[in-house]
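Inspection log for the structure reproduced underneath, given as C-alpha cells.
Lettering follows sequence order; numbering is per chain, from 1.
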2 protein chains.
Amino acid sequence: MSIELEPVIRTSLSKQIADQIESAIVDGSLKANDRLPTEEEMTQRFNVSRATIREAMKRLAAKKLIRSRRGPAGGTFINALNAAELSDNLITATTLFVSMNDISIEEISSTRKEMETLCCRLACQNRTLEDLEKLEIALVHQSDVHISAEAFCAADVNFHRTLADASHNRMLSFVMYCLIESLQPVANMLSYHFRERSVILNQHRRLIDAVQARNTNLATAIMTEQINYLERLQQDAQSAHANRHD
Amino acid sequence: MSIELEPVIRTSLSKQIADQIESAIVDGSLKANDRLPTEEEMTQRFNVSRATIREAMKRLAAKKLIRSRRGPAGGTFINALNAAELSDNLITATTLFVSMNDISIEEISSTRKEMETLCCRLACQNRTLEDLEKLEIALVHQSDVHISAEAFCAADVNFHRTLADASHNRMLSFVMYCLIESLQPVANMLSYHFRERSVILNQHRRLIDAVQARNTNLATAIMTEQINYLERLQQDAQSAHANRHD
DNA sequence: ATTTTCTATTTGTCATACAAATATAAATTA
DNA sequence: TAATTTATATTTGTATGACAAATAGAAAAT
C-alpha cells in the first residue's frame, strides 16, 4: 500500500502540558503571582498521572516561569520575572552558544565594542546624577586592592552593567548583560596581574568623567580603547598558549 | 539558646542534580552528543528515585540541553546547540521581559535601530553571493500576495535574520534574534493591510540592492527609514486605541 | 493573651509496574 | 543466499500508591 500517512507527532505529555501553560503566560491569560491548580487537580484536569504533571512543572521551573511552595497556602505560582532573573537564563544560553560554536574573540569583541559605545553615547545623553553616583560606587569597589581576582571580575561586570543602565534604555541593558558576561573570561584571566588592573581602573576613571561631562566622543574613544586592550591581551594569551603546545 | 545556626539550604534534589549536569556541560566535561548514563544507573549513582532523576532531566530538556530517545541504542544525549535552538529560549525570555516590565516602543525601537544599522554596515562589508541569494529567496517568499498575515510576519522575521547572518558575526546574529522578535507585534498588526505590506517589501528590495552595491550609507538609511516607519505605525495604533477608551 | 499542639493541605520523594519505542539478533520465507 | 519478518532486550514514557516534609491556620493548653 502506498498511502501517504501523516507522520504522527509524539511529543511527551509533560512537554505538551508545559507548552500549554507557557503559552498562557506569554499571552497573558496567566499573570504574575497567579496560582496554578494543585498537582492533584491538574492530574484530573489533564487526565494524566501526577508524575507527568510534576515533570511538566519542572520544565517550567527550569525557565524560572513558576515557583512552588509546600503547605496549605502553598502551591505553584507564576513568577514575576525581573531583568536579573531573566538575564540569568540569557547568560547560560550565551555562554553555551559561545563555547559550543567556537565563536571567535573578534566576533564577540566587535559586537561588544559597537554596543558598549552605543551605551556610552546614550549614557552621555541620559545619565542622571544618580547614575554618576552608582558608577563612582562601582569604581570604588573595583579599586580595592585587597579583593580577589573573582571579586575584581564581579566588580568589573557590575561597573559595565551600571554603565549600561545609565543609558536608560532597558532593552539595551538587557541585551548588554549577555555580552558583558561573554567577554568575562578575558577579564578573569588578566585580573590576576595588578598592572592590568590599574589600566582598567584608569580607563573607568576617565570614562566616568567623560560621561559626567557628556563628552560622547571622549567616552566612546575610551571604551573602544578598553575593549581593544582586552582583545589584544586575550590574543597574546592565546598565542602564548598555542606556542606551549608546539 | 542563641547559637547562630546556618540556615539549611533545601534545594530540591532534582534541581541539584540538574545543576550539577548543567555545570558539567558549561565547563566542558560533558560534550555535545555525549550519552548520559541510563536513568536506572543514575538512580544508583545519585542514590535517588527514578522519578527524581526524570524531573532533573526534564529541567535540562526545557533548556534544550539534552534530548532523549527510547530503545536499546537510545538514552539521553547532550545537545549540540545552534543559534536557532538557543534563540528559542532567548525569545521567550525577551518576550516575557518586554511584557512584564512595560518596556516602551521607543526603547525597543531605538535599540533595534542601532543594532540593525550595525548589521547593515557589516553586511555591506562581509556579504557573500550566497548571502544575497538567501536574501532574494527570503524576499520572494515574503512577496507572495496570497500568504496569511502570520506567514507574512514569519517571512519578515526570516528576512531580518538572513540580513543579520550576512554580517558574518555570529555573536551579533545571536543577539539580533531577540530584538527582531521583540518588535514583531507591530509587524503582526500592520501586515493585515496590503498597503503597509508593499511599503515593507519595497524597503527590503532597496535594502538588498544597497547591500549588493556595498553602499553602507544607503543601506543604513533604508533600515532607519523602516524602523522609524514601524515605530510611527505602532504609536498611531496606540493613540487610536487610547482615544477609544476616553 | 500567649504559646503550644494538632491537623489538614500541598509539594517532594520513593518504589513498583507496565506501556511504547527501537536497535539488534534470530527465525522465516522467497 | 538474500531479503523479510519476527522475536527479544533495552531504555525512556506513564500510571499508581504510599509516605515524608513543610507550613498555614485552627484548636487546645498555659
Side-chain angles (χ1 to χ4, degrees), chain A residues 1-2 5-22 25 30 32-79, chain B residues 1-2 5-22 25 30 32-79:
Chain A
M1 66 179 199
S2 57
L5 291 173
E6 275 291 306
V8 181
I9 300 160
R10 293 207 56 88
T11 314
S12 73
L13 295 177
S14 66
K15 177 155 173 51
Q16 291 180 44
I17 292 169
D19 286 347
Q20 273 191 49
I21 295 175
E22 179 169 330
I25 297 172
L30 283 172
N33 301 317
D34 279 359
R35 200 190 117 145
L36 292 176
T38 66
E39 295 177 350
E40 193 51 51
E41 281 176 294
M42 285 195 273
T43 60
Q44 291 165 24
R45 189 91 69 91
F46 289 104
N47 196 32
V48 296
S49 74
R50 202 180 142 217
T52 302
I53 294 291
R54 285 186 58 76
E55 287 179 12
M57 293 303 111
K58 295 316 145 201
R59 295 181 114 104
L60 297 173
K63 296 184 180 179
K64 296 188 201 286
L65 293 180
I66 58 168
R67 62 179 184 279
S68 296
R69 234 183 36 239
R70 289 193 258 208
T76 303
F77 300 86
I78 308 296
N79 263 338
Chain B
M1 63 179 201
S2 57
L5 291 173
E6 276 291 304
V8 182
I9 300 161
R10 292 208 56 87
T11 314
S12 73
L13 295 177
S14 67
K15 179 155 171 51
Q16 291 179 44
I17 292 168
D19 286 347
Q20 272 191 50
I21 295 175
E22 179 168 333
I25 297 172
L30 283 172
N33 300 317
D34 279 359
R35 202 190 115 145
L36 292 176
T38 66
E39 294 177 350
E40 192 53 49
E41 281 177 293
M42 284 196 272
T43 58
Q44 290 164 25
R45 189 91 69 90
F46 289 104
N47 196 32
V48 296
S49 74
R50 205 181 138 214
T52 302
I53 294 291
R54 283 185 60 77
E55 287 180 11
M57 293 302 111
K58 294 317 145 201
R59 296 180 114 106
L60 297 173
K63 297 183 180 180
K64 297 189 200 288
L65 294 181
I66 58 168
R67 64 180 184 281
S68 295
R69 232 183 38 240
R70 289 192 258 208
T76 304
F77 301 85
I78 307 296
N79 263 338

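Closest approach to the A:S49 side chain among D:dA15, D:dA9, C:dT13 is made by D:dA15 (side chain taken as heavy atoms from C-beta onward). Ranking D:dT11, C:dA23, C:dG12 by closeness to the B:P72 side chain, first place goes to C:dA23. The side chain of A:R54 approaches C:dG12 more closely than any other nucleotide in the set D:dA24, D:dT12, C:dG12. With C:dA23, D:dA15, C:dT13 as the choices, the nucleotide that has an atom nearest any side-chain atom of A:V48 turns out to be D:dA15. Side-chain proximity of B:L13 to D:dT12, D:dA15, C:dT13: nearest is C:dT13. Residue A:A51 places its side chain closer to D:dA15 than to any other of C:dC14, D:dT14, D:dA15. Checked against D:dT14, D:dA22, C:dA20, the side chain of A:S12 finds its nearest nucleotide in D:dT14. Side chain of B:T76, nearest nucleotide from D:dT16, C:dT11, D:dT12: D:dT12.
Atom-to-atom, CZ of A:R70 to C1' of C:dT9 comes out at 12 Å; the value is rounded to the nearest Å. If you take CD of B:E55 and C1' of D:dT12, they are 15 Å apart, rounded to a whole angstrom. The interatomic distance linking A:R35 (CZ) with D:dT23 (P) rounds to 15 Å, in whole Å. Between A:M57 atom CE and C:dT11 atom C1' the separation is 12 Å, expressed in whole Å. Atom CD of A:Q44 is separated from atom C1' of D:dA15 by 14 Å (rounded to the nearest Å). The separation between A:F46 atom CZ and D:dG13 atom C1' is 18 Å, rounded to whole Å. Between A:E39 atom CD and D:dT14 atom P the separation is 16 Å, expressed in whole Å. One atom, CD1 of B:I53, and another, P of D:dG13, lie 13 Å apart when rounded to the nearest Å.
The pair A:E22-A:R59 fails the salt-bridge criterion, with no side-chain N (NZ, NE, NH1 or NH2) lying under 4.0 Å from an Asp/Glu carboxylate O.
Checked by distance alone, A:R50 brings a side-chain donor or acceptor within 3.5 Å of a matching partner on the base of C:dG12.
In the model, B:S14 has no side-chain atom that pairs as donor or acceptor with a side-chain atom of B:T52 under 3.5 Å.
Listed pair B:T38 / D:dT10 fails the phosphate criterion, with no side-chain N or O lying under 4.0 Å from OP1 or OP2.
Residue A:K58 is in sugar-phosphate contact alone, with no base atom involved, counting any heavy-atom pair closer than 4.0 Å across all strands shown.
Taking for each of A:A73 and A:S14 the nucleotide of DNA chain D with the nearest heavy atom, the 5'-most of the two is the partner of A:S14.
By the 6.0 Å contact criterion, CZ on A:R67 is enclosed, its count of non-hydrogen atoms from other residues, nucleotides or ligands being greater than 12.
Each of B:R54, B:K58, B:R70 was compared with B:E39 under the salt bridge (charged side-chain N to carboxylate O under 4.0 Å, His left out) criterion, and only B:R54 meets it.
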Give the C-alpha distance, both sets of side-chain angles, the deciding distance and a yes or no for side chain to side chain contact (heavy atoms under 4.5 Å, CB included) between A:D34 and A:I25. CA-CA 10 Å; A:D34 279 359; A:I25 297 172; over 6 Å; no
